Amino acid sequence: MDLKGQLDRFKKQQERCQSTLSSINASRAPPSAPSRPSSSSSVPAAASLKPAPPVKFSNDTERLQFINSIRKGPVGAQIKRVIELLFETRQAFTPEQINERCYVDMLSNKAVFDSLRNNPKVYYDGRRFSYKAKHDVKDKNQLLSLIKKYPAGIAAVDLKDAYPNVMDDLQALKASKHIWFLSNADSQEDIAYPNDFKGQIEVDDEFKSLFRDIDIPSDLLDVEKELQKIGLKPVMNTAQRRAAAQIQGVSNKPKQKKKKQEISKRTKLTNAHLPELFQNLNASSSRN
């Protein structure tokens, strides 16, 4: 018998019990005493009787209705409910235990069972289901070891489901300068980079000065000519693109090179981890 039939049968049993208890209460009511001449003889005897308390039944009907709504719901909603249970508890459950915890009867619903068994966020060992994060790390030390394997950076979104307080550990590693935690300018995603202390080198001021004194041409055509002089092939062919633009009537005037903005005290510093960039600022501050 399905759950709906059990509910209908339970309701009919309640109605019969209600009728039986009402008749029993009525038969047990004491007969009215003969009236005696007194000052209160005008008060009816029935008024002195207390009303019978209402018969209270179990609220199991509401729970069964709730369970029925879950099991009759869409397969996707049931899968989501199970994955949330696995994610929040980080424990392994058998199908029977999952049914007890979130009322999803996987053994009676093959579509839910097969979908969870093949879900990339669920690990099934043949008996129990558990949550499967993208990266198998359990604490801060394992997290740091994982980040060190990605010199080009690893997205924080790929680490968020590793374990409950992983984001707090990322901030702690950033505060201790074991990692850099930066935002990607294109995707606006947070990227974690390993901070390799062995890779920190000192650069002579002479090389810094040579780098800053390099004058880059404002016209891309001149840039390509300079690249060809040293044997490098430009990625773009500016001359060909300008010729095509002239045919289509698009202006191809080179943009004027903007004047290099000097760093001042009021400049917002976004590269604070590169102090050599702000030597001019420190020097001007000391003179003032």
Side-chain angles (χ1 to χ4, degrees), residues 75-102 104 106 111-204 207-208 211 235 267-278:
V75 172
Q78 297 185 55
I79 294 173
K80 180 176 181 292
R81 190 174 180 87
V82 175
I83 293 179
E84 287 177 348
L85 170 67
L86 301 178
F87 175 79
E88 292 172 0
T89 60
R90 299 305 174 104
Q91 298 178 14
F93 296 102
T94 63
E96 294 82 3
Q97 292 171 332
I98 291 175
N99 188 15
E100 294 175 359
R101 296 291 293 267
C102 64
V104 176
M106 300 170 55
V112 175
F113 186 93
D114 292 341
S115 297
L116 283 169
R117 186 178 58 183
N118 300 318
N119 194 290
K121 288 295 182 182
V122 177
Y123 174 71
Y124 180 60
D125 62 1
R127 185 165 177 259
R128 291 184 175 89
F129 292 86
S130 58
Y131 187 81
K132 182 171 67 175
K134 186 170 184 178
H135 298 283
D136 186 18
V137 292
K138 300 294 188 296
D139 54 37
K140 185 166 64 175
N141 292 331
Q142 294 182 7
L143 178 63
L144 179 58
S145 299
L146 174 68
I147 296 175
K148 287 182 177 179
K149 296 179 182 178
Y150 292 84
I154 181 172
V157 68
D158 294 336
L159 301 170
K160 284 184 177 179
D161 65 343
Y163 55 93
N165 60 333
V166 63
M167 298 308 295
D168 294 336
D169 286 346
L170 279 174
Q171 293 299 332
L173 291 173
K174 176 184 176 182
S176 61
K177 296 186 178 180
H178 284 86
I179 66 170
W180 299 111
F181 202 39
L182 308 175
S183 295
N184 189 305
D186 298 328
S187 61
Q188 300 299 320
E189 291 182 350
D190 291 330
I191 309 295
Y193 298 90
N195 184 14
D196 188 0
F197 296 99
K198 297 179 181 179
Q200 294 181 356
I201 59 175
E202 293 291 335
V203 181
D204 293 338
F207 291 104
K208 296 178 184 178
F211 176 78
V235 177
T267 304
K268 183 178 180 181
L269 306 182
T270 58
N271 293 319
H273 61 286
L274 301 174
E276 65 272 7
L277 298 179
F278 312 111

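Computed from a predicted structure; not experimentally measured.
The two residues Ile191 and Gly153 come nearest to each other via the heavy atoms CG2-CA, 3.7 Å. Across Ala133 and Ala162, no two heavy atoms sit closer than the pair CB-CA, 3.8 Å.
With values rounded to the nearest 0.5 angstrom, Ser115 atom OG is found 4.0 Å from Ile79 atom CD1. For the atom pair OG1 (Thr94) and CZ (Arg127), the distance works out to 6.5 Å, reported to the nearest 0.5 Å. Rounding to the nearest 0.5 angstrom, the gap separating the CD atom in Gln97 from the CZ atom in Arg128 is 6.0 Å. One finds the CD1 atom of Ile147 at 8.0 Å from the CZ atom of Phe181 (value rounded to the nearest 0.5 Å). In this structure, Leu143 CG and Met167 CE are separated by 9.5 Å, a value rounded to the nearest 0.5 Å. Summarising the geometry, atom OG belonging to Ser130 is positioned 13.5 Å from atom CZ belonging to Phe87; distances are rounded to the nearest 0.5 Å.
Scanning for ring-ring contact (aromatic ring centres under 6.0 Å, His included) contacts around Phe113 gives Tyr124, Phe129, with sequence neighbours left out. With sequence neighbours excluded, no residue forms a side chain to side chain donor-acceptor pair (under 3.5 Å) with Gln171. Val157 meets the side-chain contact (heavy atoms from CB on, under 4.5 Å) test with Ala155; sequence neighbours excluded. When the side-chain contact (heavy atoms from CB on, under 4.5 Å) test is applied to Asn118, no partner is found at least two apart in sequence or on another chain. Under the side chain to side chain donor-acceptor pair (under 3.5 Å) criterion, Asn119 pairs with no residue at all, not counting sequence neighbours. Every side-chain contact (heavy atoms from CB on, under 4.5 Å) that Phe207 has, sequence neighbours left out, goes to Val203, Asp204. Legend: residues meeting side chain to side chain donor-acceptor pair (under 3.5 Å) with Asp114, ordered by chain and number and at least two apart, are Lys110, Arg117. Contacts of Lys80 classified as side chain to side chain donor-acceptor pair (under 3.5 Å), with partners at least two apart in sequence or in another chain: Glu84.
For the pair Ser176 (side chain) and Leu173 (backbone), a donor-acceptor distance under 3.5 Å is present.
Residues Asn195 and His178 have side chains not in contact (no heavy-atom distance under 4.5 Å, counting atoms from C-beta outward). Val137 places a side-chain heavy atom less than 4.5 Å from the side chain of Leu146. Two residues are said to be in side-chain contact when any heavy atoms from C-beta on lie closer than 4.5 Å; Phe93 and Leu86 meet this criterion. Side-chain contact between Leu159 and Leu170 is present, with at least one heavy-atom pair separated by less than 4.5 Å. The side-chain heavy atoms of Val75 and Val112, taken from C-beta on, include a pair separated by under 4.5 Å.
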_Run Ile83 and Val122 through side-chain contact (heavy atoms from CB on, under 4.5 Å) and show every step you take._
CA-CA 7 Å; Ile83 293 179; Val122 177; 4.0 Å; yes

*In sequence, state the C-alpha distance, the side-chain angles, and the governing distance for Gln78 and Val104, and then conclude on side-chain contact (heavy atoms from CB on, under 4.5 Å).*
CA-CA 6 Å; Gln78 297 185 55; Val104 176; 3.6 Å; yes

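Note on residues 137-152: pairs passing side-chain hydrogen bond (donor to acceptor under 3.5 Å, both in side chains), not counting sequence neighbours, are Asp136-Lys138. Residue pairs meeting the side-chain hydrogen bond (donor to acceptor under 3.5 Å, both in side chains) criterion with at least one member in residues 155-165, sequence neighbours excluded: Lys121-Asp161, Tyr131-Asp161, Lys134-Asp158, Tyr163-Asp169. Screening residues 87-96 for salt bridge (Lys or Arg N to Asp or Glu O under 4.0 Å) gives no qualifying pairs among residues at least two apart or on separate chains.
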